[in-house]
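All remarks here apply to the structure that follows.
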Amino acid sequence: MKIVVIGGFGFVGRAVTDELRKKGFDPVQLSRRNGLDLLNLGDAKSRLESIKPDIIINCAAHSGSLHYITEYAADVVHDNSQIILNLYTIMKEVCPSAKIINPLSNCSYPGNSDIQRESEWWCGPVHKSVWSYGNTRKILKVVAECYAIQYGIRSINFLVPNAYGPGDSTDPNHTHALNGMIIRMHKAKQRGDDVFEIWGTGSPIREWIFVRDIARLFSLVIDKLDSQVDPINVAQEKGYSIKEIAEIIKRLLKYEGRLVFNTEYQDGDPKKILDDTLFRERFPDFQFIDIEDGIRQTIEYYRNALEG
Ligand SMILES: NC(=O)c1ccc[n+]([C@@H]2O[C@H](COP(=O)([O-])OP(=O)(O)OC[C@H]3O[C@@H](n4cnc5c(N)ncnc54)[C@H](OP(=O)(O)O)[C@@H]3O)[C@@H](O)[C@H]2O)c1
């Protein structure tokens with residue numbers, strides 16, 4: 001079975017690749033870094049034609065911080081739409097019987113939902129702060145469905161909350177939120193800072209997923225890509241406030257400064273967690289890592305990465 005992980009050197013793609021290798025598969029990692037640019041249809045088609053994959057795990061995206069995806073909204077919507085259209089065009093032409101797994105970020109849920117249920121995914125606009133990127137996740141689902149109807153291409157789409165874990169960038173401006181807090185607090189500790197500032201009240205509650213849990217789930221489903229519900233939440237239905245996360249990181253890092261909350265910055269929505277009913281029905285035995293263990297492993301990764 002030939003598996004390709006597109007975006008395979010990114011945060012999620014790398015974790016998926018590592019997990020597949022652990023399971024004895026031999027996935028091919030692809031991205032612009034080694035010559036697969038999905039914005040270039042002709043070249044990308046030749047590359048995938050030479051592999052003829054059976055499974056594609058699609059971790060390619062042009063994403064970034066809330067600030068970034070707003071400032072570059074047009075580029076973000078253009079590139080992601082193009083990546084999606086080109087990828088499905090290529091599949092139709094070179095590997096129509098391949099299956100594809102798409103992790104969709106849960107920022108594509110309606111902006112006003114605190115418990116995110118699959119049945120309500122289409123029931124309202126995404127939040128303005130993620131307008132460009134969140135809507136491209138909806139485009140991905142629409143394209144997947146239309147290519148299933150006309151060409152029989154099989155996709156499975158997972159709705160995934162904010163990820164954290166080892167393997168992400170070491171630049172806090174380019175990491176995912178929880179990882180960024182670990183980097184900043186690690187540096188605050190090294191400098192001996194007395195206070196660590198967090199933007200907002202710290203009260204918003206969010207659901208988090210360890211990146212290796214996403215990878216374990218994908219490696220479980222590659223043989224049996226089917227789902228009655230699509231997209232399906234990858235959910236624990238469990239959230240932690242930003243303050244709770246900061247306190248766990250502070251304790252595990254043994255940082256002795258004080259956490260201060262700068263309330264001049266606005267909080268986002270008070271709560272965003274994913275309903276886990278359908279996930280539990282579909283994957284009753286799947287165990288997620290405990291958040292403290294996950295944060296401990298992430299701190300270890302950053303200690304090594306930042307201190308060399
Ligand atoms: N991280 C999270 O918290 C999270 C949560 C839920 C869902 N997801 C989803 O998981 C997927 C991957 O996210 P991530 O966090 O791993 O992002 P990431 O770290 O930014 O990785 C994205 C990857 O896409 C590749 N890429 C970008 N443009 C490309 C192009 N034109 N052609 C080919 N490859 C291209 C990049 O590599 P090059 O620059 O080398 O091309 C990079 O490897 C996304 O769909 C995201 O929505 C992520």
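One is the number of the first residue; the rest follow in order along the sequence. For ligands, and for the atoms within them, numbers begin at 1 and follow the listed sequence. In what follows, every heavy atom counts, from backbone to side chain, and hydrogens, waters and symmetry copies are set aside.
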**Prompt:** What residue and heavy atom of the protein are closest to atom 6 (C) of ligand 1, and at what distance?
**Reply:** Val160 O, 3.2 Å
**Request:** Measure the distance from atom 20 (O) of ligand 1 to every protein heavy atom, then report the residue, atom name and distance (to 0.1 Å) of the closest one.
**Result:** Ser63 OG, 3.8 Å
**Prompt:** At under 4.0 Å between heavy atoms, which part of Arg137 makes contact with ligand 1: side chain, backbone, both or neither?
**Reply:** side chain
**Message:** With heavy-atom distances below 4.0 Å as the criterion, list the atoms of ligand 1 near Tyr133.
**Reply:** 44 (C), 45 (O), 46 (C), 47 (O)
**Message:** I want to check something: taking the side chain as every heavy atom from C-beta on, are Asp267 and Ser203 in contact at a cut-off of under 4.5 Å?
**Reply:** yes
**Prompt:** Are any of the N/O atoms in Phe11 less than 3.5 Å from those in ligand 1?
**Reply:** yes
**Asked** Looking at ligand 1, does any of its N/O atoms fall within less than 3.5 Å of an N/O of Ile83?
**Response** no
**Message:** Suppose I only count heavy atoms of Asp37 and a 4.0 Å limit; which atoms of ligand 1 are within that range?
**Reply:** 30 (C), 31 (N), 32 (N)
**Asked** Starting from atom 40 (O) of ligand 1, which protein heavy atom do you reach first, and at what distance in Å?
**Response** Ser31 OG, 2.7 Å
**Message:** Give me the residue, atom name and distance of the protein heavy atom closest to atom 21 (O) of ligand 1.
**Reply:** Gly10 CA, 3.5 Å
**Request:** Hey, can you tell me if Tyr88 and Tyr147 have their rings parallel, tilted or perpendicular (30° and 60° cut-offs)?
**Result:** tilted
**Request:** Tell me yes or no: between the side chains of Asn106 and Gln116, is some donor less than 3.5 Å from an acceptor?
**Result:** yes
**Request:** May I ask you to check if ligand 1 and Arg32 share an N or O to N or O distance below 3.5 Å?
**Result:** yes
**Message:** Using a strict threshold of under 4.0 Å (side-chain N to carboxylate O), is an ion pair present between Glu145 and Lys141?
**Reply:** yes
**Contact atoms of ligand 1, heavy-atom distance to Leu36 under 4.0 Å** = 32 (N), 33 (C)
**Message:** Is there a polar contact between ligand 1 and Gly8, counting only N or O atoms under 3.5 Å apart?
**Reply:** no
**Request:** Answer yes if the side chains of His67 and Tyr72 hold a donor-acceptor pair under 3.5 Å, and no otherwise.
**Result:** no
**Message:** Show the atoms of ligand 1 that are less than 4.0 angstrom away from any heavy atom in Leu39.
**Reply:** 31 (N)
**Item:** Atoms in ligand 1 with a heavy atom of Arg33 nearer than 4.0 Å
**Value:** 40 (O)
**Item:** Between Gln297 and Arg212, a side-chain donor and acceptor under 3.5 Å
**Value:** yes
**Request:** Search all heavy atoms of Lys189 against all heavy atoms of Leu253 and return the closest pair with its distance.
**Result:** NZ-O, 2.9 Å
**Item:** N or O pair under 3.5 Å between His176 and ligand 1
**Value:** yes
**Request:** Using a strict 4.0 Å threshold on nitrogen-to-oxygen distance, state whether Arg251 and Glu292 make a salt bridge.
**Result:** yes
**Phe288, Tyr164, Phe11 screened by ring-ring contact (aromatic ring centres under 6.0 Å, His included) with Phe210, the one that passes** = Tyr164
**Request:** Find all atoms of ligand 1 within a distance of less than 4.0 Å from any non-hydrogen atom belonging to Leu38, and give their numbers and elements.
**Result:** 30 (C), 31 (N), 32 (N), 33 (C)
**Request:** Could you tell me the residue and atom name of the protein heavy atom closest to atom 13 (O) of ligand 1, and the distance to it rounded to 0.1 Å?
**Result:** Val12 CG2, 4.0 Å
**atom 22 (C) of ligand 1: the protein heavy-atom neighbour that sits closest, reported with distance to 0.1 Å** = Cys59 O, 3.5 Å
**Asked** With under 30° as parallel and over 60° as perpendicular, where do the rings of Phe283 and Phe279 fit, or are they tilted in between?
**Response** tilted
**Prompt:** Does an N or O from Pro161, backbone or side chain, lie closer than 3.5 Å to an N or O of ligand 1?
**Reply:** no
**Message:** With a 4.0 Å cut-off on N to O distance, would you call Lys238 and Glu207 a salt bridge?
**Reply:** no
**Prompt:** Quick one: nearest non-hydrogen protein atom to atom 10 (O) of ligand 1, plus distance?
**Reply:** Pro103 CG, 3.6 Å
**Message:** Can a side-chain donor-acceptor contact be found between Asp275 and Thr277 if the only test is distance below 3.5 angstrom?
**Reply:** yes
**Asked** So, Glu300 and Arg296, do they make that salt bridge, N to O below 4.0 Å?
**Response** no
**Prompt:** Hey, which atoms in ligand 1 end up nearer than 4.0 Å to a heavy atom of Asn162?
**Reply:** 3 (O)
**Request:** Compute the shortest N/O to N/O distance between Ala60 and ligand 1 and return yes if it is under 3.5 Å, no if not.
**Result:** no
**Complete:** Candidates Ser169, Gly64, Ala163; heavy atom nearest atom 2 (C) of ligand 1 found on Ala163
**Fill in**
In ligand 1, the atoms that come under 4.0 Å of a heavy atom of Gly7 are 23 (C), 24 (O), 25 (C), 43 (O)
**side chain to side chain contact (heavy atoms under 4.5 Å, CB included) assessment of Thr201 paired with Gln266** = CA-CA 8 Å; Thr201 64; Gln266 284 199 331; over 6 Å; no
